[in-house]
Amino acid sequence: MEDKKSHVFEWSPVGLLLFEATHSQSEVPADWVCKLANGTACNLLGKLPLDGMTLDGLFPNNIAASLADAMVSNPASDSVDFFVSAAGKWLLASGNRVDKELTVVLTDITRQKEAAFADNRMKRLYQSLTLSLADHEIIIFDKNLNVILTEGQPRFVRFNMEGELNGRNLPTLFEQNGFSFLGDHVTHIFGNGSQELEQEINGKFFKAKVYADAHDDEGQENMVGVLLLKDVSELNQKQKEIELRVEQLDRSNQELERFAYVASHDLQEPLRKIQSFGDRLMTKFQHVLGDEGQMYITRMSDAAKRMERLLDDLLLFSRATRLETAFQPTDLQQALQEVLHDLDRNTQHAQISIPDNLPVIDAVSSQMRQLFQNILNNAFKFVKPGQPPVVRIVCRHVTGVLLPDYSLSPQKAYCVIEFTDEGIGFEQDNAERIFNIFQRLHGRSEYSGSGIGLAICKKIVANHGGVISARSRMNEGATFTIVLPFQH
């Protein structure tokens with residue numbers, strides 16, 4: 001019989017320890033000495049042997065004090081849990097004291113503790129979600145589609161049910177209300193990752209997002225899914241209003257573009273007649289007009305030529321606004337070389353530094369050539385007296401997040417092209433004004449042009465989803481920065 005008791009004691013799945021005190025009234029942990037311990041106790045505490053060790057030598061001070069501090073007049077028991085760092089386990093120590101003997105039972109509760117911690121983490125995560133997604137209804141469910149977490153009174157979805165929803169089966173909540181369309185999506189979500197859908201219910205629009213793990217965790221049936229439900233009626237209405245206004249703005253812009261194109265095109269014919277009749281007057285009636293009359297005819301012809309240039313530039317601006325050609329892969333290196341070849345007669349004495357890393361991007365090739373041509377013409381025109389044009393061109397490839405000064409997509413790839421000259425420059429206060437149509441910083445007698453070239457550049461860059469800017473100081477040259485996305 002004693003052998004059987006010894007076998008049960010030694011091979012018990014829980015740790016068993018027997019302590020004795022020097023006298024029955026002792027409440028000091030150091031007075032309690034271990035007389036007997038089974039192998040399970042040794043494994044759980046990670047110490048060997050245990051015989052002869054005191055309570056305070058085996059357990060943390062607060063645990064030892066709790067086990068030793070018991071009613072001495074009557075048998076008493078106490079249970080406390082603690083973490084054994086050496087073994088990496090959570091243990092529950094249950095003490096039962098009778099007179100001078102104290103029996104301690106040790107139970108491994110690591111899994112229960114971890115489950116409780118995981119449950120607390122989930123609750124904290126859910127609370128964080130409800131705060132960050134205050135306009136959503138959030139329901140967390142297990143693989144059996146039973147509700148694990150949600151608020152007792154959902155903000156948007158009552159499901160025609162009263163009381164707590166936790167523990168309810170999710171598909172049954174959809175059977176008696178307008179949200180029945182969610183049933184199939186929730187039922188088949190495990191293994192599909194995520195789904196998103198929108199539905200109108202009684203004149204309101206709801207957007208539902210369902211997420212779940214794609215696979216079980218090591219074969220365990222402990223997967224969870226999340227249902228997010230949001231009333232998007234107001235958002236949809238605002239979106240429709242925005243789309244309507246954008247459509248109206250597009251129509252207005254198209255009408256203005258057509259007007260600019262037709263007006264400038266139709267004005268060409270009467271303008272040519274003014275020039276033609278002016279030439280005839282000078283040819284046939286020069287001797288009659290006299291010096292004063294000839295001066296008037298000359299000034300009229302000069303004004304007509306300026307008007308012709310303005311109309312030609314206005315037509316160019318109108319064409320830059322209207323995208324008549326599809327975007328296609330465009331080699332900017334080749335486009336720049338073609339422009340330099342066309343400008344060769346103006347660049348004989350110019351010093352131009354050309355990069356070798358201009359990329360291929362989605363663009364309208366003709367507009368890219370127009371962009372480079374206008375920027376270079378600007379640099380060649382506004383040079384210091386007696387000095388040849390000097391232009392340095394550099395290119396770098398970055399993502400939008402590295403260009404915080406511009407409103408760009410953070411993760412999108414862009415090429416940044418800078419044209420720096422050593423010309424007369426301008427005041428930085430005029431850096432935005434120079435891109436407006438027909439804006440000139442100098443008189444016609446100083447520099448030719450209509451003041452539309454940079455406006456065309458801005459329009460072309462905007463067509464391609466990029467930005468253009470300028471920085472300068474008087475008599476210190478200027479730098480024009482062009483930012484273009486690789487993909488349209």
Residue pair Ile417 / Cys395: nearest heavy atoms and the distance that separates them
CG1-SG, 4.2 Å
Lys238 NZ: over 12 foreign heavy atoms closer than 6.0 Å
no
Atom pair CG (Leu376) and CZ (Phe419), whose distance is rounded to the nearest 0.5 Å:
5.5 Å
NE2 of His464 to CG of Asp362, rounded to nearest 0.5 Å, is 9.0 Å
One pair to check against side chain to side chain contact (heavy atoms under 4.5 Å, CB included): Arg369 and Leu336. What are the steps and the verdict?
CA-CA 7 Å; Arg369 289 192 294 270; Leu336 180 60; over 6 Å; no
Could you tell me which non-hydrogen atom of Ser233 sits nearest to which non-hydrogen atom of Phe205, and how far apart they are?
OG-N, 2.8 Å
Any chance you could lay out the salt bridge (Lys or Arg N to Asp or Glu O under 4.0 Å) test for Asp421 and Arg392, step after step, and finish with the verdict?
CA-CA 7 Å; Asp421 63 58; Arg392 293 185 300 277; over 6 Å; no
Quick check: closest heavy atoms across Asp99 and Trp32, and the distance to 0.1 Å?
O-CH2, 3.9 Å
Might you point out which heavy atoms bring Thr399 and Pro410 nearest each other, and give the distance in Å?
CB-O, 3.7 Å
Supply the atom-to-atom distance Leu17 CG to Leu58 CG, rounded to the nearest 0.5 angstrom.
7.0 Å
Can you tell me if Gln428 has over 12 outside heavy atoms packed within less than 6.0 Å of its CD?
yes
Does the Ser353 side chain pair with the main chain of Ile393, one donor and one acceptor, at a distance under 3.5 Å?
no
Pro355 backbone acceptor or donor facing Gln333 side chain under 3.5 Å
yes
Quick check against the 3.5 Å criterion: does Arg97 have a side-chain atom that pairs as donor or acceptor with the backbone of Ala68?
yes
Look at the side chain of Thr107 and the backbone N and O of Val105, then say whether any donor-acceptor pair between them is shorter than 3.5 Å.
no
Determine, using ring centers only, whether Phe82 and Phe59 are less than 6.0 Å apart.
yes
With a 3.5 Å distance limit and no angle check, can you tell me whether His397 reaches the backbone of Asn357 through a side-chain donor-acceptor pair?
yes
Taking all atoms of both residues into account, what is the closest heavy-atom pair of Phe206 and Leu229, and its distance?
CB-CD1, 4.3 Å
side-chain hydrogen bond (donor to acceptor under 3.5 Å, both in side chains) pairs, two or more places apart, involving residues 48-64
Thr54-Asp56
To the closest 0.5 Å, what do you measure between NZ (Lys459) and CD1 (Ile468)?
13.0 Å
Is the closest side-chain heavy-atom distance between Cys457 and Ile375 below 4.5 Å?
yes
Heavy atoms of Lys458 and Phe435 approach each other most closely as CD-CB, 3.7 Å
Determine whether Thr330 and Val360 satisfy the following criterion, side chain to side chain contact (heavy atoms under 4.5 Å, CB included), listing intermediate values before the conclusion.
CA-CA 5 Å; Thr330 300; Val360 175; 5.8 Å; no
With sequence neighbours excluded, give me every salt bridge (charged side-chain N to carboxylate O under 4.0 Å, His left out) pair touching residues 87-96.
Lys89-Asp108
Return yes when atom CD of Glu234 has more than 12 non-hydrogen atoms of other residues, nucleotides or ligands closer than 6.0 Å, and no otherwise.
no
Whether the Gln334 and Glu338 side chains hold a donor-acceptor pair (N or O, under 3.5 Å, no angle test) is what I'd like checked.
yes
Any side-chain to backbone donor/acceptor pair from Thr481 onto Ser469? Under 3.5 Å, distance only.
no
I'd like to know whether CD of Gln487 has more than 12 heavy-atom contacts from other residues, nucleotides or ligands below 6.0 angstrom.
no
How about Thr420 and Thr479: does a side-chain donor come under 3.5 Å of a side-chain acceptor?
yes
Say you draw a straight line from CD of Glu243 to CD of Gln239; how long is it, rounded to the nearest 0.5 Å?
4.5 Å
Is a side-chain N or O of Tyr406 found less than 3.5 angstrom from the main chain of Gly466, in a donor-acceptor match?
no
Residues 35-50, side-chain donor-acceptor partners within the protein, below 3.5 Å, at least two apart:
from, atom 1, to, atom 2, distance (Å)
Asn38, OD1, Leu16, N, 3.0
Asn38, OD1, Ala41, N, 3.0
Asn38, ND2, Phe9, O, 3.0
Asn38, ND2, Val14, O, 3.1
Thr40, OG1, Ser12, O, 2.7
Asn43, ND2, Gly39, O, 3.3
Lys47, NZ, Gly57, O, 3.1

Working for side chain to side chain contact (heavy atoms under 4.5 Å, CB included), residues Met368 and Leu484:
CA-CA 10 Å; Met368 289 296 99; Leu484 295 169; 3.8 Å; yes
For the pair Phe480 and Phe426, name the ring-plane relationship: parallel under 30°, tilted 30 to 60°, perpendicular over 60°.
tilted
Value rounded to 0.5 Å, distance of CG in Asp81 from CD1 in Ile109:
4.5 Å
Worked verdict on Leu403 versus Val483 for side chain to side chain contact (heavy atoms under 4.5 Å, CB included)
CA-CA 9 Å; Leu403 301 170; Val483 182; 3.9 Å; yes
